[in-house]
Amino acid sequence: MQNFEFYNPTRVLFGKGMIAKLDEQLSPETRVLILYGGASAERSGTLGEVRAALGSRTFKEFGGIEANPTYETLMKAVAMVREEKLDFLLAVGGGSVMDGTKFVAAAVPFEGEPWDILTSKGEAVKKALPLGTVVTLPATGSEMNCLSVISRQSTGDKLLFSNPLVYPRFSVLDPMRTMSLPMKQVINGVVDSFVHVMEQYMTHPVDGMAQDRFSEGLLSSLIEIGPRIMATPDDYDLRSNLMWVATLALNGLIGAGVPHDWTTHMIGHEITAKYHIDHARTLAVVFPALLKVCREAKRAKLLQYAERVWGLKDGTEDERIDAVIRKTEGFFENLGVPTRLSAYEIGADGINDLLGQLKDHDMTHLGEHGEVTLDVSRKILETAA
Ligand SMILES: NC(=O)c1ccc[n+]([C@@H]2O[C@H](COP(=O)([O-])OP(=O)(O)OC[C@H]3O[C@@H](n4cnc5c(N)ncnc54)[C@H](O)[C@@H]3O)[C@@H](O)[C@H]2O)c1
Ligand SMILES: CCCCCCO
(Lines give C-alpha, C1' and ligand atoms only; values in the text may rest on other atoms or scores of the structure.)
(Ligands and ions follow the chains in the order given, each with its own letter.)
Protein backbone atom coordinates (compact mmCIF):
# COMPACT_ATOMS: atom_id res chain seq x y z
CA MET A 1 0.00 0.00 0.00
CA GLN A 2 1.30 3.52 -0.79
CA ASN A 3 1.61 6.36 1.78
CA PHE A 4 -1.42 8.60 1.96
CA GLU A 5 -3.12 11.38 3.88
CA PHE A 6 -6.89 11.09 4.16
CA TYR A 7 -9.01 14.13 5.04
CA ASN A 8 -12.72 14.60 4.44
CA PRO A 9 -14.62 17.18 6.51
CA THR A 10 -18.02 16.84 4.83
CA ARG A 11 -20.97 15.97 7.06
CA VAL A 12 -23.48 13.77 5.19
CA LEU A 13 -27.18 14.05 6.02
CA PHE A 14 -28.73 11.01 4.31
CA GLY A 15 -32.36 10.05 3.81
CA LYS A 16 -35.95 11.17 3.37
CA GLY A 17 -36.76 14.60 4.72
CA MET A 18 -33.16 15.49 5.64
CA ILE A 19 -33.36 18.88 3.89
CA ALA A 20 -35.12 20.07 7.05
CA LYS A 21 -31.84 19.57 8.94
CA LEU A 22 -30.32 22.49 7.01
CA ASP A 23 -31.67 24.56 9.89
CA GLU A 24 -29.24 22.84 12.27
CA GLN A 25 -26.24 23.42 9.98
CA LEU A 26 -26.50 27.20 9.54
CA SER A 27 -26.56 29.92 12.20
CA PRO A 28 -29.61 32.25 12.03
CA GLU A 29 -27.57 35.21 10.81
CA THR A 30 -26.06 33.32 7.85
CA ARG A 31 -26.66 35.11 4.54
CA VAL A 32 -27.12 32.36 1.96
CA LEU A 33 -26.95 32.19 -1.83
CA ILE A 34 -28.89 29.22 -3.20
CA LEU A 35 -27.41 28.15 -6.54
CA TYR A 36 -29.28 25.84 -8.90
CA GLY A 37 -29.51 24.80 -12.53
CA GLY A 38 -32.74 24.43 -14.47
CA ALA A 39 -36.45 24.43 -13.74
CA SER A 40 -36.37 20.94 -12.22
CA ALA A 41 -35.12 22.27 -8.89
CA GLU A 42 -38.35 24.29 -8.56
CA ARG A 43 -40.68 21.85 -10.28
CA SER A 44 -39.53 18.91 -8.15
CA GLY A 45 -40.25 20.87 -4.97
CA THR A 46 -36.64 20.71 -3.82
CA LEU A 47 -36.12 24.47 -3.86
CA GLY A 48 -39.34 24.91 -1.87
CA GLU A 49 -38.09 22.48 0.78
CA VAL A 50 -34.77 24.33 0.94
CA ARG A 51 -36.43 27.73 1.33
CA ALA A 52 -38.64 26.38 4.12
CA ALA A 53 -35.63 24.92 5.92
CA LEU A 54 -33.79 28.26 5.77
CA GLY A 55 -36.67 29.87 7.62
CA SER A 56 -36.15 33.55 8.37
CA ARG A 57 -32.52 33.63 7.25
CA THR A 58 -31.56 36.08 4.52
CA PHE A 59 -31.14 34.25 1.23
CA LYS A 60 -30.88 35.05 -2.46
CA GLU A 61 -31.17 32.68 -5.42
CA PHE A 62 -29.02 32.22 -8.53
CA GLY A 63 -30.38 29.86 -11.19
CA GLY A 64 -29.35 28.91 -14.70
CA ILE A 65 -26.10 27.07 -13.99
CA GLU A 66 -25.68 24.95 -17.09
CA ALA A 67 -24.82 21.30 -17.40
CA ASN A 68 -21.00 21.50 -17.72
CA PRO A 69 -20.97 24.78 -15.79
CA THR A 70 -19.38 27.77 -17.47
CA TYR A 71 -17.00 30.37 -16.11
CA GLU A 72 -19.04 33.10 -17.79
CA THR A 73 -22.27 32.18 -15.97
CA LEU A 74 -20.57 31.56 -12.64
CA MET A 75 -18.85 34.94 -12.63
CA LYS A 76 -22.35 36.49 -12.53
CA ALA A 77 -22.95 34.56 -9.32
CA VAL A 78 -19.63 35.83 -7.97
CA ALA A 79 -20.78 39.41 -8.61
CA MET A 80 -24.09 38.72 -6.85
CA VAL A 81 -22.39 37.29 -3.74
CA ARG A 82 -20.12 40.33 -3.50
CA GLU A 83 -22.94 42.83 -4.09
CA GLU A 84 -25.36 41.23 -1.63
CA LYS A 85 -22.60 40.48 0.93
CA LEU A 86 -23.61 36.84 1.17
CA ASP A 87 -21.46 34.48 3.23
CA PHE A 88 -22.63 30.93 2.55
CA LEU A 89 -23.22 29.10 -0.74
CA LEU A 90 -25.80 26.32 -1.01
CA ALA A 91 -25.75 24.19 -4.18
CA VAL A 92 -29.03 22.53 -5.09
CA GLY A 93 -28.47 20.20 -8.02
CA GLY A 94 -26.15 17.72 -9.59
CA GLY A 95 -22.44 17.79 -10.27
CA SER A 96 -22.64 20.85 -12.49
CA VAL A 97 -24.24 22.99 -9.80
CA MET A 98 -22.03 21.60 -7.04
CA ASP A 99 -18.85 22.15 -9.08
CA GLY A 100 -20.01 25.61 -10.10
CA THR A 101 -20.67 26.47 -6.47
CA LYS A 102 -17.17 25.33 -5.50
CA PHE A 103 -15.75 27.65 -8.15
CA VAL A 104 -17.86 30.59 -6.88
CA ALA A 105 -16.69 29.85 -3.32
CA ALA A 106 -13.08 30.13 -4.45
CA ALA A 107 -13.59 33.01 -6.89
CA VAL A 108 -15.37 35.47 -4.52
CA PRO A 109 -12.24 36.05 -2.32
CA PHE A 110 -9.77 35.36 -5.13
CA GLU A 111 -7.22 38.12 -5.79
CA GLY A 112 -6.40 38.13 -9.51
CA GLU A 113 -7.92 36.56 -12.65
CA PRO A 114 -10.42 33.91 -11.40
CA TRP A 115 -9.76 31.66 -14.41
CA ASP A 116 -6.33 31.11 -12.88
CA ILE A 117 -8.14 28.97 -10.30
CA LEU A 118 -8.51 26.48 -13.17
CA THR A 119 -5.18 27.03 -14.94
CA SER A 120 -3.42 26.52 -11.60
CA LYS A 121 -5.50 23.36 -11.00
CA GLY A 122 -6.56 24.93 -7.68
CA GLU A 123 -3.04 25.68 -6.40
CA ALA A 124 -3.77 29.44 -6.46
CA VAL A 125 -6.78 29.12 -4.15
CA LYS A 126 -5.93 30.51 -0.69
CA LYS A 127 -9.41 31.31 0.66
CA ALA A 128 -12.97 30.13 -0.06
CA LEU A 129 -16.46 30.84 1.18
CA PRO A 130 -18.13 27.96 3.05
CA LEU A 131 -20.54 25.88 1.02
CA GLY A 132 -23.03 23.05 1.37
CA THR A 133 -24.98 20.93 -1.10
CA VAL A 134 -28.40 19.42 -1.58
CA VAL A 135 -27.87 16.63 -4.10
CA THR A 136 -30.46 16.01 -6.80
CA LEU A 137 -28.43 13.79 -9.16
CA PRO A 138 -26.27 10.91 -7.81
CA ALA A 139 -23.29 10.60 -10.10
CA THR A 140 -20.17 12.67 -9.51
CA GLY A 141 -19.50 12.38 -5.79
CA SER A 142 -18.90 16.15 -5.86
CA GLU A 143 -21.04 16.36 -2.72
CA MET A 144 -18.21 14.79 -0.72
CA ASN A 145 -15.00 15.78 -2.50
CA CYS A 146 -12.97 18.91 -3.24
CA LEU A 147 -12.94 18.57 -7.02
CA SER A 148 -14.62 20.84 -9.57
CA VAL A 149 -14.76 20.82 -13.36
CA ILE A 150 -15.47 24.16 -15.08
CA SER A 151 -15.87 25.03 -18.76
CA ARG A 152 -15.06 28.33 -20.46
CA GLN A 153 -17.34 29.21 -23.39
CA SER A 154 -14.94 31.73 -24.93
CA THR A 155 -12.13 29.18 -25.33
CA GLY A 156 -13.91 25.81 -25.29
CA ASP A 157 -11.83 24.71 -22.31
CA LYS A 158 -13.16 22.23 -19.71
CA LEU A 159 -10.71 22.03 -16.83
CA LEU A 160 -10.51 20.52 -13.34
CA PHE A 161 -9.41 22.18 -10.12
CA SER A 162 -9.20 20.80 -6.61
CA ASN A 163 -8.53 22.36 -3.23
CA PRO A 164 -9.45 21.19 0.31
CA LEU A 165 -10.99 24.62 0.97
CA VAL A 166 -13.95 23.76 -1.31
CA TYR A 167 -15.06 20.58 0.45
CA PRO A 168 -18.75 21.06 1.26
CA ARG A 169 -19.30 21.66 5.01
CA PHE A 170 -22.34 19.38 4.68
CA SER A 171 -24.29 17.60 1.96
CA VAL A 172 -27.90 16.51 2.07
CA LEU A 173 -28.54 13.26 0.21
CA ASP A 174 -32.28 12.65 0.05
CA PRO A 175 -33.00 9.92 -2.54
CA MET A 176 -36.53 11.28 -2.95
CA ARG A 177 -35.04 14.40 -4.53
CA THR A 178 -33.73 12.27 -7.41
CA MET A 179 -37.12 10.82 -8.37
CA SER A 180 -37.71 13.60 -10.91
CA LEU A 181 -34.60 12.66 -12.88
CA PRO A 182 -35.01 11.45 -16.47
CA MET A 183 -33.81 7.84 -16.60
CA LYS A 184 -31.00 8.93 -18.94
CA GLN A 185 -29.51 11.00 -16.13
CA VAL A 186 -29.97 8.21 -13.59
CA ILE A 187 -28.00 5.92 -15.89
CA ASN A 188 -25.38 8.61 -16.41
CA GLY A 189 -24.89 8.46 -12.66
CA VAL A 190 -24.41 4.69 -12.72
CA VAL A 191 -21.80 4.96 -15.47
CA ASP A 192 -19.96 7.97 -14.02
CA SER A 193 -19.73 6.29 -10.61
CA PHE A 194 -18.56 3.01 -12.18
CA VAL A 195 -15.73 4.73 -14.02
CA HIS A 196 -14.77 6.77 -10.94
CA VAL A 197 -14.16 3.52 -9.13
CA MET A 198 -12.22 2.13 -12.07
CA GLU A 199 -9.93 5.17 -12.26
CA GLN A 200 -8.82 4.33 -8.71
CA TYR A 201 -8.85 0.53 -9.09
CA MET A 202 -7.89 -0.50 -12.60
CA THR A 203 -4.16 0.20 -12.32
CA HIS A 204 -1.67 -2.25 -10.79
CA PRO A 205 -1.74 -4.20 -7.48
CA VAL A 206 -0.24 -2.56 -4.38
CA ASP A 207 -1.84 -4.92 -1.85
CA GLY A 208 -4.55 -2.40 -0.99
CA MET A 209 -6.74 -5.20 0.31
CA ALA A 210 -9.48 -3.02 1.84
CA GLN A 211 -9.47 -0.55 -1.05
CA ASP A 212 -9.74 -3.35 -3.63
CA ARG A 213 -12.57 -5.16 -1.84
CA PHE A 214 -14.36 -1.83 -1.24
CA SER A 215 -14.02 -0.89 -4.92
CA GLU A 216 -15.13 -4.34 -6.06
CA GLY A 217 -18.16 -4.03 -3.80
CA LEU A 218 -19.07 -0.67 -5.33
CA LEU A 219 -18.63 -2.07 -8.86
CA SER A 220 -20.77 -5.13 -8.09
CA SER A 221 -23.44 -2.88 -6.53
CA LEU A 222 -23.58 -0.69 -9.66
CA ILE A 223 -23.74 -3.74 -11.93
CA GLU A 224 -26.79 -4.86 -9.94
CA ILE A 225 -28.39 -1.41 -9.51
CA GLY A 226 -28.15 -0.33 -13.17
CA PRO A 227 -30.58 -2.78 -14.80
CA ARG A 228 -32.83 -2.93 -11.71
CA ILE A 229 -33.32 0.83 -11.44
CA MET A 230 -34.31 0.92 -15.11
CA ALA A 231 -36.96 -1.71 -14.37
CA THR A 232 -38.21 -0.20 -11.10
CA PRO A 233 -37.35 3.53 -11.17
CA ASP A 234 -39.48 4.36 -8.11
CA ASP A 235 -37.69 1.90 -5.82
CA TYR A 236 -36.49 4.05 -2.89
CA ASP A 237 -33.95 1.49 -1.70
CA LEU A 238 -32.33 1.26 -5.14
CA ARG A 239 -32.21 5.06 -5.34
CA SER A 240 -30.69 5.14 -1.85
CA ASN A 241 -28.01 2.64 -2.75
CA LEU A 242 -27.14 4.42 -6.01
CA MET A 243 -26.86 7.71 -4.15
CA TRP A 244 -24.55 6.39 -1.47
CA VAL A 245 -22.44 4.33 -3.91
CA ALA A 246 -21.96 7.40 -6.14
CA THR A 247 -20.75 9.41 -3.14
CA LEU A 248 -18.37 6.67 -1.94
CA ALA A 249 -16.96 6.27 -5.45
CA LEU A 250 -15.21 9.66 -5.29
CA ASN A 251 -14.91 10.82 -1.68
CA GLY A 252 -11.27 9.79 -1.34
CA LEU A 253 -11.69 6.55 0.61
CA ILE A 254 -11.18 3.93 -2.12
CA GLY A 255 -8.44 6.05 -3.68
CA ALA A 256 -6.32 6.36 -0.53
CA GLY A 257 -2.98 4.54 -0.74
CA VAL A 258 -3.49 3.09 -4.22
CA PRO A 259 -2.41 4.27 -7.69
CA HIS A 260 -4.90 6.16 -9.87
CA ASP A 261 -5.27 6.46 -13.62
CA TRP A 262 -7.56 9.33 -14.65
CA THR A 263 -6.89 8.95 -18.37
CA THR A 264 -10.50 8.09 -19.18
CA HIS A 265 -11.80 11.24 -17.48
CA MET A 266 -9.16 13.47 -19.02
CA ILE A 267 -9.96 12.27 -22.54
CA GLY A 268 -13.70 12.30 -21.72
CA HIS A 269 -13.54 15.93 -20.65
CA GLU A 270 -12.16 16.88 -24.07
CA ILE A 271 -14.97 15.01 -25.84
CA THR A 272 -17.58 16.81 -23.73
CA ALA A 273 -15.85 20.16 -24.27
CA LYS A 274 -15.89 19.74 -28.06
CA TYR A 275 -19.08 17.76 -28.69
CA HIS A 276 -21.18 18.55 -25.57
CA ILE A 277 -21.87 14.87 -25.02
CA ASP A 278 -22.92 14.01 -21.46
CA HIS A 279 -19.85 13.53 -19.29
CA ALA A 280 -20.72 9.97 -18.27
CA ARG A 281 -21.40 8.93 -21.87
CA THR A 282 -17.92 9.97 -22.97
CA LEU A 283 -16.50 7.66 -20.31
CA ALA A 284 -18.44 4.64 -21.60
CA VAL A 285 -16.74 5.15 -24.97
CA VAL A 286 -13.20 5.74 -23.72
CA PHE A 287 -12.91 3.28 -20.82
CA PRO A 288 -13.39 -0.03 -22.70
CA ALA A 289 -10.99 1.17 -25.39
CA LEU A 290 -8.44 2.07 -22.72
CA LEU A 291 -8.69 -1.46 -21.30
CA LYS A 292 -8.03 -2.94 -24.75
CA VAL A 293 -5.06 -0.69 -25.49
CA CYS A 294 -3.53 -0.80 -21.99
CA ARG A 295 -4.33 -4.43 -21.17
CA GLU A 296 -0.71 -5.40 -20.53
CA ALA A 297 -0.11 -2.59 -18.02
CA LYS A 298 -3.40 -3.50 -16.33
CA ARG A 299 -3.22 -7.29 -16.74
CA ALA A 300 -3.11 -8.22 -13.04
CA LYS A 301 -6.03 -5.97 -12.03
CA LEU A 302 -8.04 -6.97 -15.11
CA LEU A 303 -7.77 -10.61 -14.02
CA GLN A 304 -8.66 -9.71 -10.42
CA TYR A 305 -11.65 -7.66 -11.61
CA ALA A 306 -12.73 -10.53 -13.91
CA GLU A 307 -12.69 -13.06 -11.09
CA ARG A 308 -13.94 -11.01 -8.13
CA VAL A 309 -16.63 -8.91 -9.87
CA TRP A 310 -17.75 -11.09 -12.80
CA GLY A 311 -16.82 -14.57 -11.51
CA LEU A 312 -14.67 -15.31 -14.55
CA LYS A 313 -12.19 -18.01 -13.44
CA ASP A 314 -11.97 -20.36 -16.37
CA GLY A 315 -9.87 -20.19 -19.52
CA THR A 316 -6.50 -18.65 -20.24
CA GLU A 317 -5.59 -15.26 -18.87
CA ASP A 318 -6.17 -13.63 -22.24
CA GLU A 319 -9.53 -15.33 -22.65
CA ARG A 320 -10.60 -14.00 -19.24
CA ILE A 321 -9.36 -10.50 -20.06
CA ASP A 322 -11.19 -10.51 -23.41
CA ALA A 323 -14.32 -11.77 -21.65
CA VAL A 324 -14.27 -9.16 -18.89
CA ILE A 325 -13.79 -6.31 -21.34
CA ARG A 326 -16.78 -7.64 -23.27
CA LYS A 327 -18.75 -7.89 -20.01
CA THR A 328 -17.91 -4.27 -19.21
CA GLU A 329 -18.91 -3.07 -22.68
CA GLY A 330 -22.10 -5.12 -22.41
CA PHE A 331 -22.90 -3.55 -19.02
CA PHE A 332 -22.82 -0.07 -20.58
CA GLU A 333 -24.61 -1.09 -23.78
CA ASN A 334 -27.39 -2.87 -21.84
CA LEU A 335 -27.99 0.39 -20.00
CA GLY A 336 -28.50 2.03 -23.39
CA VAL A 337 -25.12 3.80 -23.27
CA PRO A 338 -23.06 3.46 -26.49
CA THR A 339 -19.42 2.42 -26.31
CA ARG A 340 -18.29 3.70 -29.70
CA LEU A 341 -17.42 7.16 -31.01
CA SER A 342 -19.33 6.27 -34.18
CA ALA A 343 -22.54 6.38 -32.15
CA TYR A 344 -21.89 10.13 -31.90
CA GLU A 345 -20.61 10.44 -35.47
CA ILE A 346 -17.10 11.34 -34.34
CA GLY A 347 -14.58 10.25 -36.97
CA ALA A 348 -10.89 10.62 -37.79
CA ASP A 349 -10.98 14.42 -37.99
CA GLY A 350 -12.64 14.55 -34.59
CA ILE A 351 -9.94 12.32 -33.14
CA ASN A 352 -7.23 14.66 -34.42
CA ASP A 353 -9.02 17.64 -32.88
CA LEU A 354 -9.36 15.85 -29.54
CA LEU A 355 -5.66 15.03 -29.49
CA GLY A 356 -4.94 18.71 -30.21
CA GLN A 357 -7.05 19.65 -27.19
CA LEU A 358 -5.18 17.18 -24.97
CA LYS A 359 -1.92 18.74 -26.15
CA ASP A 360 -3.19 22.29 -25.51
CA HIS A 361 -4.10 21.25 -21.97
CA ASP A 362 -0.65 19.85 -21.23
CA MET A 363 -2.02 16.31 -21.16
CA THR A 364 0.47 14.71 -23.52
CA HIS A 365 1.18 12.05 -20.87
CA LEU A 366 -1.61 10.38 -18.87
CA GLY A 367 -1.94 7.08 -17.03
CA GLU A 368 -0.53 6.13 -13.65
CA HIS A 369 3.04 6.11 -14.99
CA GLY A 370 2.53 8.65 -17.75
CA GLU A 371 2.54 5.80 -20.23
CA VAL A 372 -0.55 7.07 -21.97
CA THR A 373 1.15 9.42 -24.42
CA LEU A 374 -0.61 11.29 -27.21
CA ASP A 375 0.14 8.30 -29.46
CA VAL A 376 -1.48 5.92 -26.99
CA SER A 377 -4.41 8.33 -26.60
CA ARG A 378 -4.77 8.19 -30.39
CA LYS A 379 -4.82 4.38 -30.23
CA ILE A 380 -7.48 4.55 -27.51
CA LEU A 381 -9.67 6.90 -29.56
CA GLU A 382 -9.15 4.88 -32.75
CA THR A 383 -10.06 1.69 -30.84
CA ALA A 384 -13.20 3.47 -29.62
CA ALA A 385 -14.15 4.61 -33.14
N1 LIG B 1 -16.57 17.22 -8.92
C2 LIG B 1 -16.47 15.96 -9.28
O3 LIG B 1 -15.97 15.12 -8.52
C4 LIG B 1 -16.96 15.51 -10.62
C5 LIG B 1 -16.87 14.17 -10.98
C6 LIG B 1 -17.38 13.78 -12.23
C7 LIG B 1 -17.97 14.71 -13.07
N8 LIG B 1 -18.02 16.02 -12.69
C9 LIG B 1 -18.66 17.04 -13.54
O10 LIG B 1 -20.06 17.09 -13.18
C11 LIG B 1 -20.86 17.46 -14.31
C12 LIG B 1 -21.93 16.43 -14.53
O13 LIG B 1 -22.74 16.42 -13.38
P14 LIG B 1 -24.01 15.42 -13.30
O15 LIG B 1 -23.69 14.17 -14.00
O16 LIG B 1 -24.43 15.38 -11.91
O17 LIG B 1 -25.12 16.16 -14.19
P18 LIG B 1 -25.57 17.68 -14.19
O19 LIG B 1 -25.39 18.30 -12.85
O20 LIG B 1 -24.89 18.34 -15.36
O21 LIG B 1 -27.16 17.57 -14.48
C22 LIG B 1 -27.57 16.99 -15.72
C23 LIG B 1 -28.98 17.52 -16.02
O24 LIG B 1 -29.91 16.96 -15.07
C25 LIG B 1 -30.69 18.01 -14.51
N26 LIG B 1 -31.11 17.57 -13.17
C27 LIG B 1 -30.32 17.51 -12.05
N28 LIG B 1 -31.02 17.01 -11.01
C29 LIG B 1 -32.29 16.78 -11.49
C30 LIG B 1 -33.47 16.24 -10.91
N31 LIG B 1 -33.52 15.84 -9.63
N32 LIG B 1 -34.57 16.12 -11.70
C33 LIG B 1 -34.54 16.51 -13.00
N34 LIG B 1 -33.45 17.01 -13.62
C35 LIG B 1 -32.34 17.14 -12.85
C36 LIG B 1 -29.80 19.23 -14.55
O37 LIG B 1 -30.54 20.42 -14.47
C38 LIG B 1 -29.09 19.04 -15.90
O39 LIG B 1 -29.93 19.54 -16.93
C40 LIG B 1 -19.88 17.56 -15.49
O41 LIG B 1 -19.51 18.89 -15.67
C42 LIG B 1 -18.68 16.73 -15.01
O43 LIG B 1 -17.49 17.15 -15.64
C44 LIG B 1 -17.55 16.44 -11.48
C1 LIG C 1 -7.98 13.64 -10.42
C2 LIG C 1 -9.46 13.51 -10.22
C3 LIG C 1 -10.20 13.73 -11.50
C4 LIG C 1 -11.71 13.77 -11.26
C5 LIG C 1 -12.43 14.08 -12.53
C6 LIG C 1 -13.86 14.40 -12.29
O7 LIG C 1 -14.55 14.61 -13.53
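Just follow the structure's listing: the first ligand is 1, and inside any ligand the first atom is 1. As a basis for the values below, the full set of heavy atoms in this structure was taken, side chains included, without hydrogen atoms, waters or symmetry mates. Predicted model, so just to flag it, every value in this text is computed and none were measured.
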Does H369 form a ring pair (Phe, Tyr, Trp, His ring centres under 6.0 Å) with H204? I'd like the steps, not just the answer.
CA-CA 10 Å; H369 303 300; H204 72 274; 5.3 Å; yes
Looking at ligand 1, does [X] have a heavy atom less than 4.0 Å from it?
| X | value |
| --- | --- |
| H196 | yes |
| G95 | yes |
| G189 | no |
| N145 | yes |

Crowding at NZ, K327 (>12 non-hydrogen neighbours, <6.0 Å):
no
Under 6.0 Å from the CD atom of E345, do we count more than 12 heavy atoms belonging to anything else shown?
no
Heavy atom of protein inside 4.0 Å of [atom], strictly below:
| atom | answer |
| --- | --- |
| atom 25 (C) of ligand 1 | no |
| atom 39 (O) of ligand 1 | no |
| atom 36 (C) of ligand 1 | no |

At a 4.0 Å threshold, what atoms of ligand 2 neighbour a non-hydrogen atom of H265?
5 (C), 6 (C), 7 (O)
Within ligand 2, which atoms have a heavy atom of V149 less than 4.0 Å away?
7 (O)
Does any N or O of ligand 1 fall below 3.5 Å from an N or O anywhere on L147, backbone included?
yes
Ligand 1 to K102 polar contact by distance, N or O atoms, under 3.5 Å:
no
With side chain to side chain donor-acceptor pair (under 3.5 Å) as the criterion, how do H276 and N68 come out once you've worked through the C-alpha distance, each side chain's angles and the decisive distance to 0.1 Å?
CA-CA 8 Å; H276 307 293; N68 304 300; 5.6 Å; no
Provide, to 0.1 Å, the distance between [atom] and the closest protein heavy atom, together with that atom's residue and name.
| atom | value |
| --- | --- |
| atom 43 (O) of ligand 1 | K158 NZ, 3.0 Å |
| atom 23 (C) of ligand 1 | Q185 NE2, 3.6 Å |
| atom 44 (C) of ligand 1 | D99 OD2, 3.0 Å |
| atom 28 (N) of ligand 1 | T136 OG1, 2.7 Å |
| atom 32 (N) of ligand 1 | S180 OG, 2.8 Å |
| atom 11 (C) of ligand 1 | S96 OG, 3.5 Å |
| atom 21 (O) of ligand 1 | L137 CD1, 3.4 Å |
| atom 34 (N) of ligand 1 | S40 OG, 3.4 Å |

Using side-chain heavy atoms (C-beta onward) and a distance below 4.5 Å, is L13 in contact with Q25?
yes
Measuring only between side-chain heavy atoms, which start at C-beta, is L248 closer than 4.5 Å to I254?
no
Any idea which atoms of ligand 1 are less than 4.0 Å away from a heavy-atom of [X]?
| X | value |
| --- | --- |
| R177 | 31 (N) |
| V149 | 43 (O) |
| P69 | 41 (O) |

Inspect the contact between [Y] and [X] and indicate whether a charged nitrogen and a carboxylate oxygen are less than 4.0 angstrom apart.
| X | Y | answer |
| --- | --- | --- |
| D23 | R57 | yes |
| R11 | E24 | no |
| R299 | D318 | yes |
| K60 | E83 | no |
| E49 | R177 | yes |
| R320 | E307 | no |
| R326 | E333 | no |

[X] and ligand 1 - part of the residue with a heavy-atom distance under 4.0 Å:
| X | result |
| --- | --- |
| S44 | neither |
| A67 | both |
| L250 | side chain |
| D192 | side chain |

Nearest heavy-atom approach of S142 to M98 is OG-CB, 3.6 Å
Could a heavy atom of H269 be found less than 4.0 Å from some atom of ligand 2?
yes
Should the ring pair Y71 and F103 be called parallel, tilted or perpendicular, given that the plane angle runs from 0 to 90° and is split at 30 and 60?
perpendicular
Over 60° means perpendicular and under 30° means parallel, so classify the ring planes of F287 and F194, tilted if in between.
perpendicular
